[in-house]
K.L.:
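For reference, the structure I am asking about is given below.
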Protein chains: 2
Amino acid sequence: MRPTVHDIAAAAGVSLATVDRVLNQRPGVRHVTRAKVETAIRELGYIRDVAAANLAKGRTYPLVFILPASDNSFMHGLNAEIRQAVLRSPAERTDIRIIEVPAFDPAALVAVLEGLSRERPCGIAMVATDAPEVRAVVDKLVRERFPIVTLVSDLTGSLRHHYAGVDNIAAGRTAARLLGRFLGPRKGEIAVLAGSMLVRDHRERLEGFASVMAAEFPDLAVLPVLEGRDDPEVAHRLVADALGNAGIVGVYSLGAGNRGLIRALKEKAVDRTLTVIAHELTAYTRAALIDNTIDAILNQDAGHEVRSAIRILKAKADGLAVIDAQERIRLDIFVKDNLP
Amino acid sequence: MRPTVHDIAAAAGVSLATVDRVLNQRPGVRHVTRAKVETAIRELGYIRDVAAANLAKGRTYPLVFILPASDNSFMHGLNAEIRQAVLRSPAERTDIRIIEVPAFDPAALVAVLEGLSRERPCGIAMVATDAPEVRAVVDKLVRERFPIVTLVSDLTGSLRHHYAGVDNIAAGRTAARLLGRFLGPRKGEIAVLAGSMLVRDHRERLEGFASVMAAEFPDLAVLPVLEGRDDPEVAHRLVADALGNAGIVGVYSLGAGNRGLIRALKEKAVDRTLTVIAHELTAYTRAALIDNTIDAILNQDAGHEVRSAIRILKAKADGLAVIDAQERIRLDIFVKDNLP
DNA sequence: CCAAATTTGATGTACGTAAATCAAAAAATC
DNA sequence: GATTTTTTGATTTACGTACATCAAATTTGG
């Protein structure tokens, strides 16, 4: 049987009340007594029964998710996964609120974060916009002991406790490797379609992609990035235009707006053997993978990201450890044979 | 606030004791009364607080993991992950026991399962050996209300509640697709190294591999399977011999014993451009991926499989639902750029 | 209608922890 | 040494559920 507070009290030769004072860092305990209790805790290997404690406290975990108000499949999916988590709230003792902020707007994000400082949720998960002022508020909140995890898009250099998302540089590198290997001995040019180079994850994917391309596939030339603003219409136009260039042998789509990409490919490239790699598994990209318009899809599992963020925020709020391997967000690679 | 047993009692106009009798299926309640209580439960949307219930019951979950006594990296890793879970037992209220049985020995497995029928653990996770007599005991145990999940290797056609492992047919198909695409226009022969065709997961991988190869890559001929018995020495000999055939352009290693494969490749194929795809990420395959001896690794995450099996067995024991998406075991694809 | 059997209610204890109260003891201050 | 302050102990209640006991009410059988 694992030891209880009673065992600690007996071992330390103090009363239950004193043990409680030490455990919950209440005042009114001398240093020597505190030390005695802490020794007993260590020696008996006491671990607080979190379930019993939460029951006694009637504790819930008020969590806030901050998302950009972007109208693309991925953000919709992420939103849906959070709402799924809300349905599980009773069992998980969570109390989840979603706040949408204008996309690419650091000031708005900062304002929301400042507001939360007063509201005192027990954890914050946010899709970070990469800007110095955001970093500053995040660091301030972390110093005020708010657990914060970044979601999907990280805020490097900040004090955030954890990043629940994929390694985007590795994703770009992987895309380059697959594209390069799929193309084999062919020479030619590669079109890259991104959302915006102002978004950190897109920049990182491109960075990883370009570096592997340059180093390992010198026969393939990466063309200047097409910025489709994650909009299917814009993407369609840009790709359709680009495909006028007969030297293009491959396409890497590292952002959203794949619906436009797919349409352009079907119109313009029926007779050509383009190799195409895209990000994010949606109904559209899935269909395109099956009908061979796309050759591979790189994906991050939004459900895993949300569940992981919740687990981590709860653990941080309780000062508990997490299982690192469980919280690593993988880069899923799909070809038509391993679709879920 | 979510409703409690008290609310149910009040709503149904009965006492707490009666609600308790209904909830825990104790005798001594008339049909009409039972129906009243059940209606109240439904209408208030009552969900039992599992944490509080477990606290009151002093409940633990005695779980049994049955593994083959195979001496390969994957099984060692699986074993290690279970021991990690044992370390978390206090917090998770589990009580995990590992039983090793001789590999490929249905009779031994059946004997162990029969024994468990008396011991009454609240859940069983097993690496299944695919044999009719095993299926029969598993079905018998399921009918006796034991939660059972198969781990890594499934027992299709049985009544097991869940399979915590990858889709091996899809894995084989994926390997074929990657190999075929990596080889591009090259023609030649493909060597396949397996452990044993008596093991279901190996048979399935081969089946998936061969079908995609035949259907989509007619220029690549799959050679007869080399059965390396998951033994590095045997694998080394077989592969070294096979590489005498200059027509071989690719290798698919779908089992264990990759240490032998890698050694043979480094000795015999320095001057050749073989494309190699192997299963299971270990220290050896990882190194080989990095030094370009292997081109891609397909992997199943043993840690995820173990944690998933535990979650599912606990949920089944409590009659709770699971999050399906969370329990899907993915086929991880690693190239040198997305190694964890 | 009475006795026996069944069903229901009332109540208490327990699980491990949190949190509060009040009294008692010890330490610090003058 | 008396007084104030700080520290500690003892005890109680609560969280939501499980489970046991005993009494009371209701139903059933004869």
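Below, read A as the first sequence line, B as the second, and so on, with proteins coming before strands; counting in each chain starts at 1. Worth knowing before you read on, the calculation uses all heavy atoms, side chains too, and leaves out hydrogens, waters and symmetry mates.
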K.L.:
Residues two or more places apart in sequence or in another chain: which of them pass side-chain hydrogen bond (donor to acceptor under 3.5 Å, both in side chains) with Q84(B)?
P.N.:
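Applying side-chain hydrogen bond (donor to acceptor under 3.5 Å, both in side chains) to Q84(B) gives none.
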K.L.:
Quick one: R48(A) CZ to dC15(C) C1', roughly how many Å, whole number?
P.N.:
17 Å
K.L.:
Quick check against the 3.5 Å criterion: does Y163(B) have a side-chain atom that pairs as donor or acceptor with the backbone of V152(B)?
P.N.:
yes
K.L.:
Mind calculating the distance between CZ (R93(B)) and C1' (dT17(D)) to the nearest angstrom?
P.N.:
12 Å
K.L.:
Taking the side chain as every heavy atom from C-beta outward, state whether T4(B) and I8(B) have any atom pair closer than 4.5 Å.
P.N.:
no
K.L.:
Who pairs with N24(B) by side-chain hydrogen bond (donor to acceptor under 3.5 Å, both in side chains), at least two apart in sequence or on another chain?
P.N.:
D20(B), R48(B)
K.L.:
Pick base, sugar-phosphate or nothing for D49(A), based on heavy-atom distances below 4.0 Å to the nucleic acid.
P.N.:
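Since only primed, P, OP1 and OP2 atoms lie under 4.0 Å of D49(A), the category is sugar-phosphate.
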K.L.:
Which of residues 36-45 of chain A have a heavy atom under 4.0 Å from DNA chain D?
P.N.:
none
K.L.:
Per the salt bridge (charged side-chain N to carboxylate O under 4.0 Å, His left out) rule, what does the pair list look like for residues 83-102 of chain A, sequence neighbours excluded?
P.N.:
R88(A)-E92(A), R93(A)-D49(B), R97(A)-E119(A)
K.L.:
When the distance from CZ of R2(A) to P of dG16(C) is rounded to whole Å, what number comes out?
P.N.:
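Rounded to whole Å, this separation is 9 Å.
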K.L.:
dA18(C) P sits how many Å from D318(A) CG, rounded?
P.N.:
10 Å
K.L.:
Report the residues that fulfil side-chain hydrogen bond (donor to acceptor under 3.5 Å, both in side chains) with K140(B), sequence neighbours left out, ordered by chain and then residue number.
P.N.:
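For K140(B) the side-chain hydrogen bond (donor to acceptor under 3.5 Å, both in side chains) partners, ignoring immediate neighbours, are E114(B).
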K.L.:
Could you report the tightest heavy-atom contact between R145(B) and P147(B), atom names first, then the distance?
P.N.:
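Nearest heavy atoms, R145(B) then P147(B): O-CD, 3.4 Å.
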K.L.:
Any base atoms under 4.0 Å from N24(B), or only sugar-phosphate, or nothing? Heavy atoms, all strands.
P.N.:
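Sugar-phosphate contact only - N24(B) comes under 4.0 Å of backbone atoms but never of a base.
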K.L.:
One thing to verify: whether R2(B) and D7(B) come together as a salt bridge, which I'm taking to mean a side-chain N less than 4.0 angstrom from a carboxylate O.
P.N.:
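So D7(B) does not pair with R2(B) through a salt bridge.
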K.L.:
Take atom CG of L16(A) and atom P of dC15(C), then tell me their distance rounded to the nearest Å.
P.N.:
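That distance rounds to 13 Å.
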K.L.:
Tell me, please, which residues at least two apart from T39(A) pass side chain to side chain contact (heavy atoms under 4.5 Å, CB included).
P.N.:
R42(A), E43(A)
K.L.:
Using a cut-off of strictly less than 4.0 Å between a heavy atom of the residue and any atom of DNA chain C, enumerate the qualifying residues of residues 3-14 of chain A by number.
P.N.:
T4(A), V5(A), H6(A)
K.L.:
With a 4.5 Å heavy-atom cut-off, do L63(A) and I124(A) have their side chains touching?
P.N.:
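No, their side chains stay 4.5 Å or more apart.
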K.L.:
Contact list please: residues 50-59 of chain B against DNA chain D, heavy atoms, distance less than 4.0 Å, in numerical order.
P.N.:
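Residues of residues 50-59 of chain B that come under 4.0 Å of DNA chain D are, in numerical order, A52(B), A53(B), A56(B), K57(B).
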K.L.:
Is the NZ or CZ atom of R59(A) both under 6.0 Å from the centre of the six-membered ring of Y61(A) and within 45° of that ring's axis?
P.N.:
yes
K.L.:
Taking only N and O in the side chain of T18(A), is any of them less than 4.0 Å away from OP1 or OP2 of dG9(D)?
P.N.:
yes
K.L.:
Check salt bridge (charged side-chain N to carboxylate O under 4.0 Å, His left out) between D301(B) and all other residues, then give those that pass, not counting sequence neighbours.
P.N.:
R330(A)
K.L.:
Checking Q326(A) now: which residues fulfil side-chain hydrogen bond (donor to acceptor under 3.5 Å, both in side chains) with it, not counting sequence neighbours?
P.N.:
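Partners of Q326(A) by the side-chain hydrogen bond (donor to acceptor under 3.5 Å, both in side chains) criterion, ordered by chain and then number, come out as R311(B).
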K.L.:
At under 4.0 Å between heavy atoms, how does the protein contact nucleotides 21-30 of chain D? Give one character per nucleotide, 5' to 3', with B, S or -.
P.N.:
B-----S---
K.L.:
Run the salt bridge (charged side-chain N to carboxylate O under 4.0 Å, His left out) test against D139(B) and tell me which residues pass, sequence neighbours left out.
P.N.:
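Result, salt bridge (charged side-chain N to carboxylate O under 4.0 Å, His left out) vs D139(B): none returned.
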K.L.:
Can you measure R26(A) atom CZ to dA18(C) atom P for me and round it to whole angstrom units?
P.N.:
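My rounded result for the distance is 8 Å.
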